[in-house]
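What follows is a single structure, written as structure tokens, with notes after it.
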There are 2 protein chains.
Amino acid sequence: MNRQAAGRNMRITIKDVAQMAGVSPSTVSRVLAKDPRISPVTAEKVRQAIQATHYHPNGIARSLVRKASLTIGFSVAQPADQAFASPFVAEALRGAATVAQRNGYYLMIFTAPTLAEERHHSLTLYREGRIDGVILTTARVHDTLLDDLRKEGLPFAVIGRPTGRQVTYWVNNDNVGDAKAATEHLLRLGHRRIGLITGPRQFVVTQDRTRGFRLAMEEAGASPRLLPHAAGPFTEQGGYQAAAEIIRRQPDITALLVTDDVMAVGALRALADAGRRVPEDVAVMCFNDSPLASAAHPPLSAVRIPMYELGARATELLIAVLEGHPPWPGHILLPADMVLRASTGEPAGDAPATAGTVTAGAAGSTAKIPEAAR
Amino acid sequence: MNRQAAGRNMRITIKDVAQMAGVSPSTVSRVLAKDPRISPVTAEKVRQAIQATHYHPNGIARSLVRKASLTIGFSVAQPADQAFASPFVAEALRGAATVAQRNGYYLMIFTAPTLAEERHHSLTLYREGRIDGVILTTARVHDTLLDDLRKEGLPFAVIGRPTGRQVTYWVNNDNVGDAKAATEHLLRLGHRRIGLITGPRQFVVTQDRTRGFRLAMEEAGASPRLLPHAAGPFTEQGGYQAAAEIIRRQPDITALLVTDDVMAVGALRALADAGRRVPEDVAVMCFNDSPLASAAHPPLSAVRIPMYELGARATELLIAVLEGHPPWPGHILLPADMVLRASTGEPAGDAPATAGTVTAGAAGSTAKIPEAAR
DNA sequence: TTGAAAGCGTTACCAG
DNA sequence: CTGGTAACGCTTTCAA
């Protein structure tokens, strides 16, 4: 209650400026809008008055008349207890914030533990006129969310690859190709019995990486029915249990592909607990490459997902849409690098002091994954 | 250009609802506000119309007349290249988002690489009426920012301990006491030659933790002039170099207190490169306890800073201020736990599968740090 | 080149 | 209990 009482004392308005400059509010507005048909001399007078009064146009009033909030929503669709625990979302958010700011947009974030809440918050914010569009950070497989947003006319961009045939703006890395490349690397190292550990199966990213893994394995002659695969939540715990399960079911695996680095840390612990040495007994390769990967023991080889870039590009897409220049094609595939470290028995893929700054091809320790064909 | 063209097609307004219900807009507004002196029958009619039309009040118009945006700004004051790299800010943000949402506030985030930008963005957003208050995530030692915000009447809350005698709303852990306790723990383990590694000295948090370290060391009889201390940026690289420097200057240290876990990972590498075993040759204790600490090798003992909680409580403080209930006292000190792991030669402070879930006192491996006297 | 006036969608005061 | 009306601060016709 009493929310407006918070002492927002009478601020300077366009009228004050107009009065001081001896012109009408319309004129001040035109100067602000850099209307060319304003005489240089009045424009100067107005500018002086603006300076003198420290005038700042009220953005809310502007938004009301322009019917645009200049604000982009950023949905963090993760269980409340681990929302930003994922370095992935935090980095994407940073990219989004940077691009939004650079283009004169504001960024409003909200968390949505469930799909229903994500829908509700997105739509409500939009209906209330508080956001012009929204960035979604998760693509699920049977996802009605996107259709609901479309139905309301809410512009959005997705980080990830939405399924379905509707035109959608999205940015992603080529998860199928990247997982295939990572698996092929393990194959090239001589591994044949490779286990797969993934996050929950309802995410598109899980399916895509699984598919890439299978493609590589089948091309290498593995029987599709025998591929060991365990799934779990995107947590260390989830990785631990998945790895334990695989070791139990297939004690003879010599390599593990883990589609998340947080999970990989858990997998490392499971291997240690099972008395397997990494990389001597079991090689481990993971995805994402947050700082966790290089800090782990042994340091984890990883497919480095350009998380910041994904957030940045998604925001660019959305802004283009909002400004009436819908981009074509509406989606972007970002290339990913592979960083090779000790967990696959290779030389450290890092520059001596900082993790994660080596670019593709440097010192033979990172490898560019070819951008997938469309 | 053409920002408003983004197809926000004529939405339903309060007038449409009023017409459909056969009442005046004022009445609809009153129903929305749950004004008690509205007849049940009209209220019902109005509610029906609202249902039928899927009406959602325009938040921008509301904000304009109420002179309150219901939006809280969240300033991420870190160099652009590492804004959320710090798990610290990401967690605090998560806490802030949760509390804001629960109280009907929106959260607008912005990044500010420099102090000047932080001031500029905060003030501009406020002057434009886009935010009602702001959460600051960094307290610097000679900080004119807070005074500037005060001068403009911008309500704010700080995560960290601002210096200066002005009344300020802030939340922090007791860094002096926590650093003292951590140091005392090392002393208790028998260490006498302990090195200190901190972030940049202009941060209050650096000064406080340094002070706690010195207090403990001096009480233990160490000469204040001989305490080895190296500072660097909050990065792995920074930690590496600081540790290397200390080892060079004081080759005989047996323990290291590092005031940040990202830096501690770098310090671990420096120690490894110097051929020192952890914990046998050098024990390492750090702060924060993000997932990095438990994934490191060896797992790092750490003072666990309640990052989520800090963000949550700061937001609660600010909301109380915004709603006209300025809390007393205006600051909160949150207790911190100590998690003991292998880097100080102790048993793992973690439950077998998940890191960081043990509470104080459990299994003798975590220790409650007594809440400091005011 | 400039001003007056009509909105944008709400809320809130003042009558009745 | 309810309606009319005047704001809130700005932009944008329409006239001049």
Side-chain angles (χ1 to χ4, degrees), chain A residues 1-6 8-46 49-50 53 55-70 126-130 132, chain B residues 1-6 8-46 49-50 53 55-70 126-130 132:
Chain A
M1 55 204 65
N2 192 20
R3 273 170 170 167
Q4 64 279 42
R8 189 178 265 298
N9 39 6
M10 288 268 286
R11 308 197 140 279
I12 298 158
T13 75
I14 200 171
K15 286 184 190 169
D16 301 320
V17 177
Q19 192 166 23
M20 168 169 267
V23 299
S24 77
S26 341
T27 301
V28 176
S29 177
R30 292 190 182 105
V31 172
L32 252 28
K34 300 204 202 312
D35 189 319
R37 51 180 198 184
I38 215 83
S39 93
V41 37
T42 22
E44 185 50 31
K45 266 193 308 185
V46 170
I50 290 178
T53 53
Y55 169 66
H56 281 256
N58 182 310
I60 300 292
R62 281 187 157 177
S63 286
L64 182 59
V65 45
R66 290 183 177 163
K67 296 179 183 312
S69 63
L70 292 190
Y126 180 65
R127 289 170 178 150
E128 292 182 342
R130 298 205 177 265
D132 297 337
Chain B
M1 55 203 64
N2 193 19
R3 275 171 170 168
Q4 63 280 43
R8 189 180 264 300
N9 38 6
M10 288 267 287
R11 309 198 137 280
I12 299 158
T13 75
I14 200 171
K15 287 183 190 171
D16 302 321
V17 177
Q19 192 167 22
M20 167 170 265
V23 298
S24 78
S26 335
T27 301
V28 177
S29 177
R30 290 191 184 103
V31 173
L32 253 28
K34 301 205 201 309
D35 189 318
R37 47 177 203 185
I38 214 85
S39 94
V41 38
T42 24
E44 187 49 31
K45 266 194 308 185
V46 170
I50 289 178
T53 54
Y55 168 68
H56 280 257
N58 182 310
I60 300 293
R62 280 186 157 176
S63 287
L64 182 60
V65 46
R66 289 184 177 162
K67 296 180 182 313
S69 63
L70 291 190
Y126 181 65
R127 290 171 178 150
E128 292 181 343
R130 299 206 175 265
D132 298 337

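Numbered from 1 within each chain, the chains take letters A, B, ... in sequence-line order. Computed from heavy atoms alone, side chains included, the values below leave out hydrogens, waters and symmetry copies.
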Can a side chain N or O of B:Ser29 be found less than 4.0 Å away from OP1 or OP2 on C:dT11?
-> yes
Is any side-chain heavy atom of A:Val23 less than 4.5 Å from a side-chain heavy atom of A:Val28?
-> yes
State which of D:dT11, C:dG3, D:dT2 makes the closest approach to the side chain of A:Arg66.
-> D:dT11
When B:Pro36 and B:Leu64 are each assigned the nearest nucleotide of DNA chain D, the 5'-most assignment goes to B:Pro36
Measure from CD1 on B:Ile14 to P on C:dG7 and round the result to the nearest Å.
-> 18 Å
With heavy atoms under 4.0 Å as the rule, sort A:Thr27 into base, sugar-phosphate or nothing.
-> sugar-phosphate
Between A:Lys67 and D:dT11, does any side-chain N or O lie under 4.0 Å from OP1 or OP2?
-> no
Test item: A:Glu44 and A:Pro40 side chains (from C-beta on) under 4.5 Å apart, heavy atoms = no
Quick one: which of B:Val17, B:Ile14, B:Asp16 gives a side-chain contact (heavy atoms from CB on, under 4.5 Å) with B:Pro25?
-> B:Ile14
Gap between atoms CZ and P, on B:Arg30 and C:dT11 respectively (whole Å) | 11 Å
Taken to the nearest whole Å, NZ/B:Lys45 to P/D:dC1 is 14 Å
Among the candidates D:dG9, D:dT13, C:dG9, find the nucleotide nearest to the side-chain atoms of B:Ala61.
-> C:dG9
Report which part of the nucleic acid B:Ile38 touches: base, sugar-phosphate, or nothing (heavy-atom distance under 4.0 Å, all strands).
-> sugar-phosphate
Rounded to the nearest angstrom, tell me the gap between atom NZ in B:Lys15 and atom C1' in C:dA6.
-> 11 Å
Looking at C:dG7, C:dT2, D:dC1, which one has an atom nearest to any side-chain atom of A:Arg37?
-> C:dT2
Could you check whether A:Ser26 gets within reach of a base, just the sugar-phosphate, or nothing at all, counting any heavy atom under 4.0 Å?
-> base
Whole-Å distance, B:Ile12 CD1 to C:dG9 P, equals 12 Å
Length of the CD1-C1' vector between B:Ile50 and C:dG9, whole Å | 14 Å
If you check the B:Asn58 side chain, which of D:dT11, C:dT11, C:dT10 turns out closest?
-> C:dT10
Whole-Å distance separating the CG atom of A:Asp35 from the P atom of C:dT2 | 10 Å
For the pair B:Arg130 (side chain) and A:Gly59 (backbone), establish whether a donor and an acceptor sit closer than 3.5 Å, ignoring hydrogens and angles.
-> yes
Between A:Ser29 and A:Leu32, is any pair of side-chain heavy atoms under 4.5 Å apart?
-> no
Where the side chain of A:Val65 is concerned, which of D:dT11, C:dT1, D:dC14 is the nearest nucleotide?
-> D:dT11
Base, sugar-phosphate, or nothing: which does B:Ser63 touch, judged by heavy atoms less than 4.0 Å apart?
-> nothing
Once you round it to whole Å, what is the distance between P of C:dT10 and CD1 of A:Ile60?
-> 14 Å
Taking only N and O in the side chain of A:Arg62, is any of them less than 4.0 Å away from OP1 or OP2 of D:dC10?
-> no
With the side chain defined as heavy atoms from C-beta on, A:Thr13 is closest, among C:dG9, D:dT11, D:dC10, to D:dC10
Backbone N or O of B:Ile38 within a donor-acceptor pair of the B:Arg30 side chain at under 3.5 Å?
-> no
